[in-house]
Amino acid sequence: MATHLPEHFKCPISLEIMSDPVILSSGHTFDRPSIQRWLDDGHRTCPITKLPLPDNPSLIPNHALRSLISTYTLLPPLHQIMSQPETLISSLTASSSSSDFKIDSLRQLGRLSKRDANFRRRLVDSGAVFAVLFCIDSSSGDSKLQEKALSLLLNLSLDDDTKIGLVAEGAISRVVAFLLRAASSDCRALAATIITSLAVVEVNKATIGAFPGAIGALVAILRDGKGRERKEAATALYALCCFRDNRKRAVDCGAVPILMRCVECGLERGVEVIGVLAKCKEGREQLESYSGCVQILVRVLRIGSSRGIQYAVLALTLLCFHSKEMLLVTLQEGVLEICHGLLEDDNEKVRRNSSNLIRVLR
């Protein structure tokens with residue numbers, strides 16, 4: 001077993017797994033019996049640094065390392081986890097399991113399930129979904145446990161035949177709760193990524209969109225979040241708004257002005273959502289009333305990525321088709337000339353959207 005454990009679990013003197021790790025004044029950790037023998041033999045230097053020690057060196061218990069060693073030595077070997085994951089799954093719901101043990105169990109299951117579809121199916125068949133949701137429900141205040149539970153839930157959601165089952169077992173309510181209340185930015189980003197994964201299935205787009213607070217929570221992250229969580233929230237909102245009924249819900253939650261501000265600040269993923277929201281009347285009305293809307297989208301045409309340009313052109317096409325005022329502003333911004341240049345773009349969708357916008361502008 002010792003050969004599979006981290007090197008820092010081993011005593012530098014005995015080279016065996018420490019049972020009672022203590023810290024010497026030099027800052028290095030040793031197993032108590034080993035360092036005590038060293039001191040009893042009359043040595044007054046650190047075995048590693050060779051620096052002098054006091055006449056009566058103090059040995060401070062390393063509780064954190066001791067807890068880690070205990071957790072690792074309780075975990076079964078990887079081959080046993082692969083063939084019998086039920087043991088770790090049951091430990092996730094056991095009242096006797098410590099938080100550290102649950103975290104390590106989730107870490108092991110998450111690592112093994114990330115790229116192995118067969119193992120994921122084995123986990124689902126063994127009741128892993130219930131166990132993970134149980135961990136999420138009982139992890140109040142423990143951001144590390146929450147993060148590992150969400151990571152495993154994300155892995156389980158990778159397979160299409162599991163996505164509907166996860167929603168049916170109540171995953172959405174837990175994920176939305178994290179979107180709304182998770183203290184950790186990483187947990188909110190993971191929760192948004194799970195929404196994106198589940199929304200791959202069309203029926204889940206409708207179910208998630210209709211769930212109270214789901215779309216509103218994503219919009220709130222776009223408004224108040226930062227970095228990765230905002231990007232993941234925009235991606236999830238895009239996935240949900242590909243379903244027609246969810247577009248008005250997003251608009252009603254105030255998504256349009258928030259997304260436009262995000263685009264102004266450089267979150268290009270927001271342009272994709274804007275392009276989809278422009279397909280509904282309510283979305284276009286909000287865009288038309290946003291000061292500088294056309295100028296912001298034109299800026300994306302000039303300096304954005306291929307995908308950002310694709311959706312900026314789409315949004316402008318829809319706005320110009322339904323509003324003469326927006327059409328005139330778009331012409332004044334020199335979009336016709338820009339679109340002629342985009343007809344040579346490598347992206348087929350950019351070329352097609354640009355061609356459509358040219359026809360509308362003419």
Side-chain angles (χ1 to χ4, degrees), residues 1-10 16-21 29 31 61-116 118-158 162 165-166 168-178 181-184 186-188 190-191 193-194:
M1 178 185 65
T3 61
H4 294 92
L5 293 176
E7 284 298 316
H8 64 275
F9 285 6
K10 299 176 184 178
E16 295 179 354
I17 301 301
M18 291 182 278
S19 59
D20 187 7
T29 297
D31 202 13
N62 192 333
H63 296 297
L65 182 57
R66 183 172 185 169
S67 175
L68 273 175
I69 293 171
S70 299
T71 298
Y72 266 85
T73 53
L74 285 170
L75 285 173
L78 291 183
H79 67 84
Q80 185 178 332
I81 296 174
M82 292 292 288
S83 61
Q84 297 176 317
E86 296 83 2
T87 304
L88 281 188
I89 292 172
S90 62
S91 73
L92 297 176
T93 58
S95 57
S96 58
S97 297
S98 68
S99 176
D100 286 341
F101 184 78
K102 289 180 179 179
I103 289 170
D104 280 299
S105 297
L106 289 165
R107 182 187 292 114
Q108 290 273 27
L109 293 171
R111 183 164 62 88
L112 293 171
S113 63
K114 192 169 186 178
R115 295 181 178 85
D116 192 331
N118 291 328
F119 186 65
R120 288 196 295 269
R121 283 192 289 273
R122 178 73 183 272
L123 290 181
V124 171
D125 293 341
S126 301
V129 174
F130 173 81
V132 172
L133 295 179
F134 178 87
C135 281
I136 290 175
D137 290 338
S138 59
S139 62
S140 178
D142 192 336
S143 61
K144 198 66 178 176
L145 180 58
Q146 292 171 350
E147 184 180 338
K148 294 303 176 187
L150 286 171
S151 294
L152 181 53
L153 187 62
L154 176 60
N155 288 354
L156 296 179
S157 75
L158 294 176
T162 306
L166 284 172
E169 291 200 43
I172 295 304
S173 60
R174 275 77 162 200
V175 173
V176 171
F178 272 100
R181 293 188 293 275
S184 161
D186 288 337
C187 284
R188 289 193 295 272
L190 271 171
T193 307
I194 292 171

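These numbers come from the heavy atoms of this one structure, side chains and all, not from hydrogens, waters or symmetry mates.
- In terms of heavy atoms, S99 sits closest to L145 at OG-CD2, 4.3 Å.
- Inter-residue side-chain proximity for L150 and E147 is flagged as unmet; no heavy-atom pair is nearer than 4.5 Å.
- The line from OG of S157 to CD1 of I194 is 6.0 Å long, rounded to the nearest 0.5 Å.
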*side chain to side chain contact (heavy atoms under 4.5 Å, CB included) between L190 and F178, intermediate numbers included*: CA-CA 9 Å; L190 271 171; F178 272 100; over 6 Å; no
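- At least one side-chain heavy atom of L109 sits under 4.5 Å from a side-chain heavy atom of F119.
- When side chains are defined from C-beta on, L166 does not count as touching I172, because their heavy atoms never get closer than 4.5 Å.
- Looking only at side-chain heavy atoms (C-beta outward), K102 and S91 stay at 4.5 Å or farther from each other.
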*Give the C-alpha distance, both sets of side-chain angles, the deciding distance and a yes or no for side chain to side chain contact (heavy atoms under 4.5 Å, CB included) between H8 and T29.*
CA-CA 9 Å; H8 64 275; T29 297; over 6 Å; no
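- Here OG1 of T162 is found 10.5 Å from CG of L153. Values are rounded to the nearest 0.5 Å.
- Residues L106 and A149 share a closest heavy-atom pair of CD1-N, 3.8 Å.
- We find the CZ-SG distance between F130 and C135 to be 10.0 Å, quoted to the nearest 0.5 Å.
- Of the possible donor and acceptor atoms, none in the side chain of S113 sits under 3.5 Å from a partner among the backbone N and O of R120.
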*asked:* Let's go through D104 and R107 carefully: what are the C-alpha distance in whole Å and the side-chain angles of both, what is the deciding distance for salt bridge (Lys or Arg N to Asp or Glu O under 4.0 Å) to 0.1 Å, and is it a yes or a no?
replied: CA-CA 5 Å; D104 280 299; R107 182 187 292 114; 2.3 Å; yes
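- In this structure, CD on Q146 lies 13.5 Å from CZ on R174, to the nearest 0.5 angstrom.
- For the pair K114 and L158, the tightest heavy-atom approach, listed with the atom from each and the gap, is O-CD1, 3.8 Å.
- Side-chain atoms of L112 and L123, non-hydrogen and from C-beta on, never get closer than 4.5 Å to each other.
- Panel note: side chain S126, backbone A128; no donor-acceptor pair is recorded below 3.5 Å.
- Looking at heavy atoms from C-beta onward, K148 lies out of side-chain contact with Q108 at the 4.5 angstrom threshold.
- For the residue pair F101 and L88, the shortest heavy atom distance occurs at CZ-CD2, 4.2 Å.
- Side chain of D20 to main chain of D31: no donor-acceptor pair is present (N/O by atom type, distance under 3.5 Å, no hydrogens or angles).
- Side-chain contact between S97 and L92: absent, with no pair of heavy atoms (C-beta onward) separated by less than 4.5 Å.
- With hydrogens and angles ignored, the 3.5 Å screen pairs no side-chain donor or acceptor of N62 with any backbone N or O of P21.
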